[in-house]
Student: 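Pasting in a structure now, in structure tokens, and then I'll have a few things to ask.
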Amino acid sequence: MAAFPIILWILHYVICILATDYEDVQYINGMPNKISVLPDGSCRCQKELTKWDKLFVMLEDSQMKQNMLQHAIQEVCRVDCRRMQSEVHQMTAAFADTAARAVERAMLQLAARADWRPAYKVEDFGKSKTENESEQKNTLQQLLTVTQDLSVRLQALEVSWQKAMLVTFQSSSQDGNELAQRKPETFLDSFGPKRPGGDDAETQRCSATHMLPSGYEMALIFPMRSRTIYASVHPDTMTLSSFTASVWVKASASQEKTVVFSYGTKRNPFEIQLYLSRSSAIFSVHANTSRAVAHNAVSLGEWSHLCASWDSGHGNATLWVNGQVAASLSGVAVGRVVPDRGLLQLGQEKNGCCVGGGFDKNLAFAGKLTGFNIWDRVLSEHEIQSLASRESSRSMAGNVVAWGVTEVQAHGSATFIYH
């Protein structure tokens with residue numbers, strides 16, 4: 001507010017100067033006009049300047065006055081800012097001192113109160129702990145009772161449901177409707193029912209037919225044909241001069257080429273392939289030209305055991321279906337060794353050179369798959385028949401790929417189910 005009268009005075013001074021009549025044009029700003037006066041005192045132009053000349057002189061003079069005014073205003077503002085900054089510093093210092101004293105008083109009061117509170121708090125804590133423990137025991141007892149009752153009800157409901165499904169299944173079988181025959185099995189497999197411990201032997205037998213084969217408790221399900229639905233297997237090595245690959249499949253759809261598993265490298269995407277073609281199973285090594293074809297090998301909606309073996313010494317490639325030799329070839333990739341650092345996949349084939357690409361939904365597998373094992377040797381006939389037996393245990397695991405031991409990553413909507 002103190003600078004306001006000074007600014008008004010400066011504005012009044014400038015207005016008075018601008019209002020002055022420039023009668024004597026021989027002087028500008030108190031200096032002789034050397035442009036219009038010659039050295040001998042004579043004038044090279046008229047004594048009277050034109051209106052335009054006067055106007056230019058006034059503009060030049062007003063510009064100088066404006067600069068002076070701006071400089072004066074800046075000086076006034078700078079002085080006021082310094083004074084305000086000094087006042088703010090003084091207020092901050094005073095407030096900090098007051099706050100420090102208040103905090104110190106509060107800390108002293110808290111310390112004084114803390115001397116008598118701990119003993120009182122410990123007693124309260126002990127009482128509340130005892131009450132909480134008693135309440136938790138009562139709650140857990142009630143929860144256990146409700147759980148037991150619920151378990152009994154669920155078991156009774158499960159037995160009743162399985163009996164109803166058995167009646168539906170038998171009725172559909174008598175009618176000869178193939179779709180109705182498969183519906184109970186698909187429904188049971190989706191929910192994975194457990195066998196009840198009752199005395200109904202027929203119900204238990206029906207439940208057992210829908211469990212996974214060969215005592216396996218885990219299966220991989222591919223819900224539909226898609227280029228993004230597959231599983232990748234990661235063994236330690238795949239350098240093989242001979243091998244045996246075993247797998248249980250239950251296909252829900254099969255087209256011209258439906259891949260069960262494939263192994264390929266950047267140079268050759270078709271090192272090992274086992275795929276379905278309608279109802280046939282086809283096995284190839286190194287190329288897709290020499291193939292062992294087993295006709296009428298699989299039925300949709302039913303578990304089938306496929307086993308493929310090959311040795312590089314004689315090039316013998318054999319395909320087994322449900323423990324029986326279904327197709328064999330000789331002279332296939334003689335002397336060749338399956339290279340390492342490829343991609344081993346279930347339900348898809350990598351027919352491109354880029355990792356994660358080159359997938360075709362028309363080649364994708366749809367259905368269930370379990371018991372995928374690979375050995376670095378050709379198994380005997382007895383071993384293969386044992387693998388194909390539904391009563392055999394799953395203790396015979398591969399030494400290259402072991403189902404349930406070797407890492408298998410499901411991609412897309414492919415998921416693991418457990419029975």
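In what follows, every heavy atom counts, from backbone to side chain, and hydrogens, waters and symmetry copies are set aside.
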Student: First locate atom OG1 of Thr370, then atom CG of Leu220, and finally report the distance between them rounded to the nearest 0.5 Å.
Tutor: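 Taking OG1 in Thr370 and CG in Leu220, the distance rounds to 8.5 Å.
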
Student: Donor-acceptor pair, distance only, cut-off 3.5 Å: does the side chain of Ser86 make one with the backbone of Arg82?
Tutor: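 No; judged by distance alone, with no hydrogens or angles, the pair does not exist.
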
Student: What heavy-atom pair brings Leu379 and Thr244 nearest, and what distance separates the two atoms?
Tutor: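 That closest heavy-atom pairing would be N-OG1, 3.0 Å.
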
Student: Would you call the rings of Phe365 and Phe222 parallel, tilted or perpendicular, where under 30° means parallel and over 60° means perpendicular?
Tutor: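 Perpendicular, since the angle between the ring planes exceeds 60°.
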
Student: Return yes if a side-chain donor-acceptor contact under 3.5 Å exists between Ser279 and His295, otherwise no.
Tutor: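 The criterion, which ignores hydrogens and geometry beyond distance, is not satisfied for His295 and Ser279.
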
Student: If you compare all heavy atoms of Met238 against all heavy atoms of Asp340, which two are closest, and at what distance to 0.1 Å?
Tutor: N-OD1, 3.1 Å

Student: Taking atom types as modelled and ignoring hydrogens, do the side chains of Glu383 and Gln385 form a donor-acceptor contact shorter than 3.5 angstrom?
Tutor: no

Student: About how many Å separate CD of Gln74 and NE2 of His71, when rounded to the nearest 0.5 Å?
Tutor: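 If I round to the nearest 0.5 Å, the distance is 7.5 Å.
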
Student: Closer than 3.5 angstrom, by distance alone: can the side chain of Asn268 be matched with the main-chain N or O of Lys266 as a donor-acceptor pair?
Tutor: no

Student: Please examine the side chains of Met64 and Glu60, heavy atoms only from C-beta on, and report whether any two atoms are closer than 4.5 Å.
Tutor: no

Student: I'd like to know whether Arg101 forms a salt bridge (charged side-chain N to carboxylate O under 4.0 Å, His left out) with Glu104, so could you lay out the CA-CA distance, the side-chain angles of the two residues, the decisive distance to 0.1 Å, and finally the verdict.
Tutor: CA-CA 5 Å; Arg101 287 195 297 269; Glu104 185 178 0; over 6 Å; no

Student: Tell me, do Val401 and Phe372 make a side-chain contact under 4.5 Å, heavy atoms counted?
Tutor: yes

Student: Between Ser386 (side chain only) and His382 (backbone N and O only), is there a donor and an acceptor less than 3.5 Å apart?
Tutor: no

Student: Looking only at heavy atoms, which two atoms of Val378 and Trp310 are closest? And how far apart?
Tutor: CG2-O, 3.7 Å

Student: Drop me the distance from Leu274's CG to Ser262's OG, to the nearest 0.5 angstrom.
Tutor: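 Here the rounded value is 10.0 Å.
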
Student: Apply salt bridge (charged side-chain N to carboxylate O under 4.0 Å, His left out) to residues Arg336 and Glu271 and explain how you reach the verdict.
Tutor: CA-CA 11 Å; Arg336 179 173 177 79; Glu271 288 289 347; 2.8 Å; yes

Student: Output yes when a side-chain donor or acceptor of Trp403 lies under 3.5 Å from a complementary backbone atom of Ala219, and no otherwise.
Tutor: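 No.
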
Student: Above 12 or not: heavy atoms from other molecules or residues under 6.0 Å from CD of Gln70?
Tutor: yes

Student: Is it true that a side-chain atom of Asn399 and a backbone atom of Asp376 form a donor plus acceptor pair closer than 3.5 Å?
Tutor: yes

Student: Would you confirm whether Thr92, through its side chain, and Val88, through its main-chain N or O, come within 3.5 Å as a donor-acceptor pair?
Tutor: yes

Student: Test your reading of the model: is there a side-chain donor-acceptor pair from Arg225 to the backbone of Ala366, 3.5 Å cut-off?
Tutor: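 No, Arg225 side chain to Ala366 backbone: no donor-acceptor pair under 3.5 Å.
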
Student: Hey, are the side chains of Val337 and Thr239 touching, using non-hydrogen atoms and a 4.5 Å cut-off?
Tutor: yes

Student: Just wondering, more than 12 heavy atoms not from Asp236 lying within 6.0 Å of its CG?
Tutor: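 Not buried by this count: 12 neighbours or fewer within 6.0 Å.
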
Student: For a 4.5 angstrom cut-off between non-hydrogen side-chain atoms, does Lys250 reach Glu302?
Tutor: no

Student: Are the side chains of Gln85 and His89 in touch, meaning some heavy atoms are under 4.5 Å apart?
Tutor: yes

Student: Quick test of your reading: applying side chain to side chain donor-acceptor pair (under 3.5 Å), list the pairs with at least one residue in residues 311-320, sequence neighbours left out, ordered by first then second residue.
Tutor: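 Qualifying pairs: none.
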
Student: Is there a donor-acceptor contact under 3.5 Å from the side chain of Thr265 to the main chain of Gly342?
Tutor: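 Looks like no, no N/O pair under 3.5 Å.
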
Student: Evaluate the side-chain proximity of Ser304 to Asn322: yes if any heavy-atom separation is below 4.5 Å, no if none is.
Tutor: yes

Student: Fit a plane to each ring of Phe283 and Phe243, take the angle between them on a 0 to 90° scale, and name the class: parallel (under 30°), tilted (30 to 60°) or perpendicular (over 60°).
Tutor: perpendicular

Student: Tell me whether the rings of Trp248 and Trp303 are parallel (<30°), tilted (30 to 60°) or perpendicular (>60°).
Tutor: perpendicular

Student: Looking only at heavy atoms, what is the nearest atom pair of Gln348 and Ser226, with distance?
Tutor: NE2-O, 3.6 Å

Student: Checking the side chain of Thr258 only, and the main-chain atoms of Gln255 only, is there a donor and an acceptor separated by less than 3.5 Å?
Tutor: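 Yes.
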
Student: Have His234 and Thr406 got a donor and an acceptor in their side chains that come within less than 3.5 Å?
Tutor: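 No.
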
Student: State, yes or no, whether a side-chain contact exists between Val400 and Asn373 at a heavy-atom distance under 4.5 Å.
Tutor: no

Student: Kindly compute the distance separating CG (Leu346) from CG (Leu369), expressed to the nearest 0.5 Å.
Tutor: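 Output value for this atom pair is 5.5 Å.
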
Student: Going from CD on Gln63 to CG on Asp61, what distance comes out if it is rounded to the nearest 0.5 angstrom?
Tutor: 10.5 Å

Student: Please answer whether the main-chain N or O of Ser284 pairs with a side-chain N or O of Arg291 as donor and acceptor at a distance below 3.5 Å.
Tutor: no

Student: Taking all atoms of both residues into account, what is the closest heavy-atom pair of Ser413 and Pro223, and its distance?
Tutor: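 Closest heavy-atom pair between Ser413 and Pro223: O-CD, 3.6 Å.
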
Student: Check whether any side-chain heavy atom of Tyr418 sits under 4.5 Å from a side-chain heavy atom of Glu217, and report yes or no.
Tutor: no

Student: Under 6.0 Å from the CZ atom of Phe56, do we count more than 12 heavy atoms belonging to anything else shown?
Tutor: no

Student: Taking all non-hydrogen atoms of both residues into account, name the closest pair between Glu349 and Phe359 and its distance.
Tutor: O-CD2, 3.5 Å

Student: Is it the case that the side chains of Ser309 and Arg377 hold a donor-acceptor pair, with the cut-off being a distance below 3.5 Å and no angle test?
Tutor: no

